[in-house]
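Convention: sequence-line order gives letters A, B, ...; per-chain numbering from 1.
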Number of protein chains: 4
Amino acid sequence: MGIQERKERERERRRQQIIVAAKRVFSESGFNRSTMEDIAKEAELSPGTLYLYFKNKDELYASLSLRILQYLIIRLEHVTGNDELSPQQKVDALVDAMFDVYDFDPLVIINMFHLQSSETLKNLSEELLSEIEKLSRKSLGAIGNIFKEGIDAGIYIDKHPIALADIFWSMFSGVILWETSKKIINDDKDYLKSTLKAAFEIFVRGLKK
Amino acid sequence: MGIQERKERERERRRQQIIVAAKRVFSESGFNRSTMEDIAKEAELSPGTLYLYFKNKDELYASLSLRILQYLIIRLEHVTGNDELSPQQKVDALVDAMFDVYDFDPLVIINMFHLQSSETLKNLSEELLSEIEKLSRKSLGAIGNIFKEGIDAGIYIDKHPIALADIFWSMFSGVILWETSKKIINDDKDYLKSTLKAAFEIFVRGLKK
Amino acid sequence: MGIQERKERERERRRQQIIVAAKRVFSESGFNRSTMEDIAKEAELSPGTLYLYFKNKDELYASLSLRILQYLIIRLEHVTGNDELSPQQKVDALVDAMFDVYDFDPLVIINMFHLQSSETLKNLSEELLSEIEKLSRKSLGAIGNIFKEGIDAGIYIDKHPIALADIFWSMFSGVILWETSKKIINDDKDYLKSTLKAAFEIFVRGLKK
Amino acid sequence: MGIQERKERERERRRQQIIVAAKRVFSESGFNRSTMEDIAKEAELSPGTLYLYFKNKDELYASLSLRILQYLIIRLEHVTGNDELSPQQKVDALVDAMFDVYDFDPLVIINMFHLQSSETLKNLSEELLSEIEKLSRKSLGAIGNIFKEGIDAGIYIDKHPIALADIFWSMFSGVILWETSKKIINDDKDYLKSTLKAAFEIFVRGLKK
DNA sequence: AATGAATGAGATTTCATTCAT
DNA sequence: AATGAATGAAATCTCATTCAT
């Protein structure tokens, strides 16, 4: 391993350290009430250092979403790549994958929405932006493909797979957001999961011919 | 019309003037990037005047949601109160109502989520807060009742009506949020509506036994 | 009584009504935290009306002091004008007068100091300012005269009477301020009065040859 | 000197720099009319920097008093600790100490009163507050002890030493406030000092049996 | 590379004062 | 004369970002 590479690896480790701290702090306080200083403290670094790894606060925030997307894609590829599964089984596996994503970072969705706010986007580097778009498209594509198999097999209604993927993702994120927003009254993770389960069930029933 | 009443009416007109301006500004820039001064300017008033009608920025923001909820409930009551409709027709009417709500204020959902953030809640008056909760519960109840009729009629699967209402609302808000968040790429209101339509269709199909 | 005079009297009644309200509000909250609106509300008038009777907030505040000074002078003249009292008895009567002043408005002193702040003075009309100065000089003169009688009678040490009056007044105000400032710990009016009594006692003892 | 220590020292220097600037500005304009921006400008710092060293405006203000109290106590301990002085000499030394305190910061007294206002107290940290209380009690105790020696020696009238200390302090602060408040007319520091001297003289005479 | 002190623009909110009615 | 809605200047405080060390 060359010196160059070791340095690069070291740099990546730092970035992750910051991202992990940021995730904790953002989860705790939301975007606006989280300060760069809080995050620096959580990462046991100085505020200035954060800016050596992320152009600004928005870009740091966006990186969280990127991380989720990467995780999501890995999980999805695991499903799409498994040729032994029937179309139906793939959809089931997809639902399981979504649960995993939720467990990986329950705030994923809120992150993703914040990310999309037009003001935020302005602050992102072209590079990060296109990376996010690429992964976003890729994951929706993967989800779409899963549905497509069912459509092609004649067991699902004939809708545009990407539109179905959009709806599927919307439902997933809608349930999480809505149930989370009610958390003041009911901070019950299991209730959220059971709602999520019921929602997926209805969705899948609705897909069937 | 007494002098008292005329004043009250005048005051209400002012409140609406501010709410309309706030809606425009918040829609444009989101909560955090909208300043009270922006809103004042939009309403052609001075910043100080806003505070004669709303205790603070959070309360002004929350009032937007209240307005939507009031509209939503009126539309829902119109549906539930119509005895001539079959359970199926009521669900169709419910879907229509949701479209109207969306047309009334496409940002309704984002408002409702911001509203729930615990930091925001702290700044609201007890009165406004309980009003919102009341209306919120009432509208979910009304939606639930519509589903209940279908369940009782034996045409829908047997799930708890309020849970169904939660999912229905989640899907509605999820689609709007997701499609809106993509608006940078595709600011096509019709596409959103068609997605919404497809989502409702799948949901309703999924409900059926 | 002519119409002119009746009007004048009516006007004066209003002024007093406002002053009384202002006294209550200022006492409650201090100068800075008292708003003109609070005072208007207390006086059951509108904010605008206050400005028909007082040029500005500072001038309203200053009028409180003027009222105290007027009361003080009446009480002092009562003492100096009583030829039946011995010099010693006059000093005793002076002390009694100060207690009365304190009872009339315990915040007198704080008022008087606020009054003197140079920034406040700038906002006062020439007229009000000279009136206050006149009364202030007059009352210190009266106090000085009481001491002078004792000095002339050979029972008090030979200091400039006005200087003694200054010290006497300083002590009076100092005790009130200091004990009031400790009120958070000990809000005991009787304790304040007993301290005031002890202070006067020492002062008078110190005067004696 | 370690790096830690050097930093600590640097930080303390900054604090003092701010305190000195604040003292100047507050002296000039009083608490309310002094803005944090004025103070920052005087200290040749930015407003934000002030908040790195003081939690808020009230706490900055209170720190001025703390500084005076510290100085006062040092001076008082110098007196009480000097066993070679007779009770009378100690009282004389006490008077000298008060002059020094006055020279150290003529606005000491105004500070101390503002400090006690209940609204101000709310904004102070528990820590600062208890420090001030401690020092305040300590200094009044020390003054009381000086008087106690005279009482025990049988040369002073038999009053509670702390009550005497209260009166002594009240007189001291009363004279300063009163004379300062007249400064618009007569900004003569020597006159103030001579009044202070005369006041102390009378007080001490009044103490004697 | 890392630090962290310092910056300073900017946001919310208050309130003395005005003025059309 | 009285009103009170509206004004808008001003003040405190926060925090993303920079830069000298």
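The side-chain contact (heavy atoms from CB on, under 4.5 Å) test applied to B:Ser125 returns B:Lys55, B:Glu59, B:Glu127, B:Leu128, not counting sequence neighbours. Not counting sequence neighbours, the partners of C:Glu12 by the salt bridge (charged side-chain N to carboxylate O under 4.0 Å, His left out) test are C:Arg15. Listed by chain and residue number, nothing satisfies the side chain to side chain donor-acceptor pair (under 3.5 Å) test with C:Ser29 (two or more places apart in sequence, or in another chain).
Atom CZ in C:Arg6 sits about 16 Å away from atom C1' in F:dA1, given to the nearest Å. Taking atom CD1 of C:Ile39 as the reference point, atom P of E:dC15 lies 12 Å away to the nearest angstrom. Distance, D:Leu60 CG to F:dT12 C1': 13 Å, rounded to whole Å. Between C:Glu8 atom CD and F:dA1 atom P the separation is 11 Å, expressed in whole Å.
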For this session: Determine, stepwise, if the pair B:Leu45 / B:Arg14 fulfils side chain to side chain contact (heavy atoms under 4.5 Å, CB included).
Result: CA-CA 10 Å; B:Leu45 290 170; B:Arg14 244 319 129 81; 3.6 Å; yes
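Under 4.0 Å is where a charged nitrogen must lie from a carboxylate oxygen, and between B:Glu10 and B:Arg13 at least one such pair does. Looking at B:Glu5 and B:Arg9, a side-chain N of the basic residue comes within less than 4.0 Å of a carboxylate O on the acidic one, giving a salt bridge.
Between B:Arg67 and B:Ser63 the shortest side-chain heavy-atom distance does not fall below 4.5 Å. Counting only heavy atoms from C-beta outward, the side chains of B:Arg24 and B:Glu28 never approach each other to under 4.5 Å. Annotation: side chain of B:Glu42 is not in contact with side chain of B:Asp38 (no heavy-atom distance under 4.5 Å). When side chains are defined from C-beta on, A:Tyr53 does not count as touching A:Leu60, because their heavy atoms never get closer than 4.5 Å.
In this structure, A:Phe31 and A:Tyr61 have perpendicular ring planes: the angle between them is above 60°, well past the 30° mark.
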Detail all sub-3.5 Å separations between protein N/O atoms and N/O atoms belonging to nucleotides 2-6 of chain F.
residue : atom : partner : partner atom : Å
F:dA2   : OP1  : C:Arg14 : NH1          : 2.5
F:dA2   : OP2  : C:Tyr53 : OH           : 2.7
F:dT3   : OP2  : C:Ser46 : N            : 3.3
F:dT3   : OP2  : C:Thr49 : OG1          : 2.5
F:dG4   : N7   : C:Ser46 : OG           : 3.3
F:dG4   : N7   : C:Gly48 : N            : 3.3
F:dA6   : OP1  : B:Arg14 : NH1          : 2.1
F:dA6   : OP2  : B:Tyr53 : OH           : 2.4

Below 3.5 Å between N/O atoms, which protein atoms pair up with nucleotides 10-12 of chain E? Just atom names and distances, please.
residue : atom : partner : partner atom : Å
E:dT12  : OP1  : B:Lys57 : NZ           : 2.8
E:dT12  : OP2  : B:Met36 : N            : 3.0

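Each of C:Lys55 and D:Leu50 has a nearest nucleotide on DNA chain E; the 5'-most of these lies closest to D:Leu50.
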Exercise. Given pairs defined as Watson-Crick or G-U wobble with both distances under 3.5 Å, what dot-bracket annotation applies to DNA chain F, with ( ) intrastrand, [ ] crossing, | other strand and . unpaired?
Worked result: .||||||||||||||||||||
